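Because the structure is a prediction, the values reported are computed rather than measured.
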Amino acid sequence: MTQNIRLGTWEEILQSQYCPFCRLVASALIANPNRSLRYLDDQIILSNNASWELGVEQSPYDKLNSDTYSNKLDLRSTAKQHQDVAYRLVVYVKDAPEVRSCIQYLAHGVRKEDQQFFGRPLDREKVDTYLLKKWLRLCEDWHGDVCEQDGVSGQNLPTKLRLIDVEERTIVKALTARVQYLTLSYVWGEDDIADIRFSPTGEELTPLPDHLPQTIEDAISLTLTLGFRYLWVDALCIIQDDPTETKNLHLERMDAVYNCSTLTIAAASGLHADSGIPGISVPRKHSPRPEIIQGMHLAAMSPSFTELENSQSLIWNTRGWTFQEKILAKRILLFTDYQVYYRC
């Protein structure tokens, strides 16, 4: 397709739900949290672009928007190695081109080595944990120490850092400063406070409360599934009735805790700590329904990481600590009602 195509008005699209392509266009435009259609007589336009070009994202902290701080060069180089050029369809409002969304081709019948720029079906109920592990392996294999280095704040890690031992379901003190652990970033609720106890040898060994908020339970389960043993959760690892001086010491060094963790699990869609993590214990609210049109498997795209990262539609983005946690995390798995996003 070399030229833009007028599909009709927004009202006509909505009234043509017997048409599978019209259903795709409607679901694509409705699903995006940052875009709202204004009028029923808005003209909807269709165009297409190479998938790798639409996948380019600038660093939100590079005000010059230069290619150097984007993924453009990597994507272009990778696309040249593929046998066929993958495209995405773009639908937008004629008089407001910023109101736009994408429809992608699914990797149905596409060679495995050429699937990178195609979409994949999403299971609304369960996250593909094998894929999450693959992302982490790829980061470890290809990025090496680049994604493993602690920032300046990492030098201030608390000496008596408490962690959840997810295998034993106890809160323990880290034996060394270099222990691997994950962190949870979420919206607080009325969490239980851990009851500090000690082993016969005098070591702190605190059992987890019998009833934990669902988001914390999900994070514990995910930590185990990903192959890690320790997890840091502020409500449990900073003992809330510690002496003020001790408690403040941990609060003041939360930046180091996130900076030194191997991975941050961000439960971005929950209203509170009992909401659960989408795709772990609760289904995701949005699930693009694929359509088969003239033998082509198509689906509306989920919003990009950048669109959601800065969107007020995520309650997580309204927390005061979120900006610090996003900036300092070496790696982050962002769990939303659309899909899981990975950034390192």
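- Here the side chain of Ser221 pairs no donor or acceptor atom with the backbone of Glu217 at under 3.5 angstrom.
- A donor-acceptor pair is defined here as one N or O able to donate and one able to accept, closer than 3.5 Å; such a pair exists between the side chain of Ser269 and the backbone of Asp337.
- Residues passing the side chain to side chain contact (heavy atoms under 4.5 Å, CB included) test with Gln294: none are found, sequence neighbours excluded.
- The OH atom of Tyr130 lies 13.0 Å from the CH2 atom of Trp135; values are rounded to the nearest 0.5 Å.
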request  = Show your reasoning for whether side chain to side chain contact (heavy atoms under 4.5 Å, CB included) applies to Ile220 and Leu212.
outcome  = CA-CA 10 Å; Ile220 290 172; Leu212 289 173; 3.8 Å; yes

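- For residues 6-17, there are no salt bridge (Lys or Arg N to Asp or Glu O under 4.0 Å) pairs, not counting sequence neighbours.
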task = Please test Leu40 against Leu14 for side chain to side chain contact (heavy atoms under 4.5 Å, CB included), starting from the C-alpha separation and ending with a verdict.
result = CA-CA 9 Å; Leu40 289 174; Leu14 292 176; 4.2 Å; yes

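- To the nearest 0.5 Å, atoms OG1 (Thr215) and CG (Leu184) are separated by 7.5 Å.
- To the nearest 0.5 angstrom, Ser185 atom OG is 11.0 Å from Leu328 atom CG.
- Under the 4.0 Å criterion applied to side-chain N and carboxylate O atoms, Asp42 and Lys94 are not assigned as salt-bridge partners.
- Looking at Tyr258, its side chain never comes within 3.5 Å of a backbone N or O of Leu263 through a donor-acceptor pair.
- Cluster annotation: Leu122 and Leu131 are assigned to distinct hydrophobic clusters (Ile/Leu/Val/Met/Phe/Trp/Tyr, side-chain heavy-atom contacts under 4.5 Å, transitive).
- Leu182 has its side chain out of reach of Ser261: every pair of non-hydrogen atoms, C-beta onward, lies at least 4.5 Å apart.
- Taken to the nearest 0.5 Å, the NZ atom of Lys173 stands 16.0 Å off from the CG atom of Asp165.
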request  = Tell me, with the steps shown, if Val257 and Leu161 meet side chain to side chain contact (heavy atoms under 4.5 Å, CB included).
outcome  = CA-CA 8 Å; Val257 173; Leu161 181 69; 3.9 Å; yes

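- In this structure, Lys133 places its NZ atom where more than 12 heavy-atom neighbours from other residues, nucleotides or ligands lie under 6.0 Å away.
- Of all non-hydrogen atoms in Pro283 and Glu125, the two that sit nearest each other are CB-OE1, 3.6 Å.
- Within the 4.5 Å cutoff, no side-chain heavy atoms of Leu298 are placed close to those of Ile292.
- Tracing side-chain contacts under 4.5 Å through hydrophobic residues (I, L, V, M, F, W, Y), one reaches Leu226 starting from Ile164; they form part of the same cluster.
- Between atom CG of residue Leu132 and atom CZ of residue Arg137 there is a gap of 10.5 Å, rounded to the nearest 0.5 Å.
- Side-chain contact between Tyr230 and Val166 is absent, with no heavy-atom pair separated by less than 4.5 Å.
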task = Verify side chain to side chain contact (heavy atoms under 4.5 Å, CB included) between Ile44 and Val25, making sure each step is shown before the conclusion.
result = CA-CA 9 Å; Ile44 308 301; Val25 172; 4.1 Å; yes

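- Residues Val91 and Ile13 have side chains not in contact (no heavy-atom distance under 4.5 Å, counting atoms from C-beta outward).
- Residues Ile216 and Val282 fall into different hydrophobic clusters, defined by Ile, Leu, Val, Met, Phe, Trp and Tyr side chains chained together at heavy-atom separations under 4.5 Å.
- The closest donor-acceptor contact from the side chain of Arg343 to the backbone of Leu333 lies at 3.5 Å or more, if one exists at all.
- Taking each heavy atom of Ala26 and Gln17 in turn, the nearest pair found is CB-NE2, 3.9 Å.
- The shortest heavy-atom contact between Trp232 and Tyr181 is CB-CD1, 4.1 Å.
- Annotation: side chain to side chain contact (heavy atoms under 4.5 Å, CB included) contacts of Glu140 (sequence neighbours excluded): none.
- Other residues, nucleotides and ligands place no more than 12 heavy atoms under 6.0 Å from the CD atom of Gln180.
- The backbone N or O of Ala28 lies less than 3.5 Å from a partner atom in the side chain of Ser101, making a donor-acceptor pair.
- Once rounded to the nearest 0.5 Å, the distance linking CG of Leu136 with SG of Cys344 reads 9.0 Å.
- Side-chain contact between Ile171 and Leu163 is absent, with no heavy-atom pair separated by less than 4.5 Å.
- Closest non-hydrogen pair, Thr262 versus Arg331, comes out as O-NH1, 2.9 Å.
- Judged purely by distance below 3.5 Å, without hydrogens or angles, the side chains of Thr183 and Thr264 pair a donor atom with an acceptor atom.
- Proximity of a side-chain donor or acceptor of Lys126 to a complementary backbone N or O of Ile280 within less than 3.5 Å is detected.
- Heavy atoms only, all atoms of each residue included: Asn259 and Lys330 are closest at O-CE, 2.8 Å.
- At distances below 3.5 Å, not a single donor-acceptor pair connects side-chain atoms of Ser275 with backbone N or O atoms of Gly270.
- Counting only N and O atoms by type, the side chains of Asp218 and Ser281 include a donor and acceptor under 3.5 Å apart.
- At least one side-chain heavy atom of Ile265 sits less than 4.5 Å from a side-chain heavy atom of Leu222.
- Contact between Pro278 and Phe335 at its shortest, heavy atoms only, is O-CD2, 3.7 Å.
- Of the possible donor and acceptor atoms, none in the side chain of Asp274 sits under 3.5 Å from a partner among the backbone N and O of Pro213.
- The side-chain heavy atoms of Pro209 and Leu236, taken from C-beta on, include a pair separated by under 4.5 Å.
- Note on Ile5 and Leu29: same hydrophobic cluster, where clusters join Ile, Leu, Val, Met, Phe, Trp and Tyr whose side-chain heavy atoms are under 4.5 Å apart, directly or indirectly.
- At least one donor-acceptor pair under 3.5 Å links the side chain of Arg124 to the backbone N or O of Arg284.
- In this structure, Thr9 contributes its side chain and Asp41 its backbone to no donor-acceptor pair below 3.5 Å.
- The closest side-chain heavy-atom distance from Phe21 to Ile103 is below 4.5 Å.
- Residues Trp10 and Leu24 share a hydrophobic cluster, clusters being chains of Ile/Leu/Val/Met/Phe/Trp/Tyr side chains in contact below 4.5 Å.
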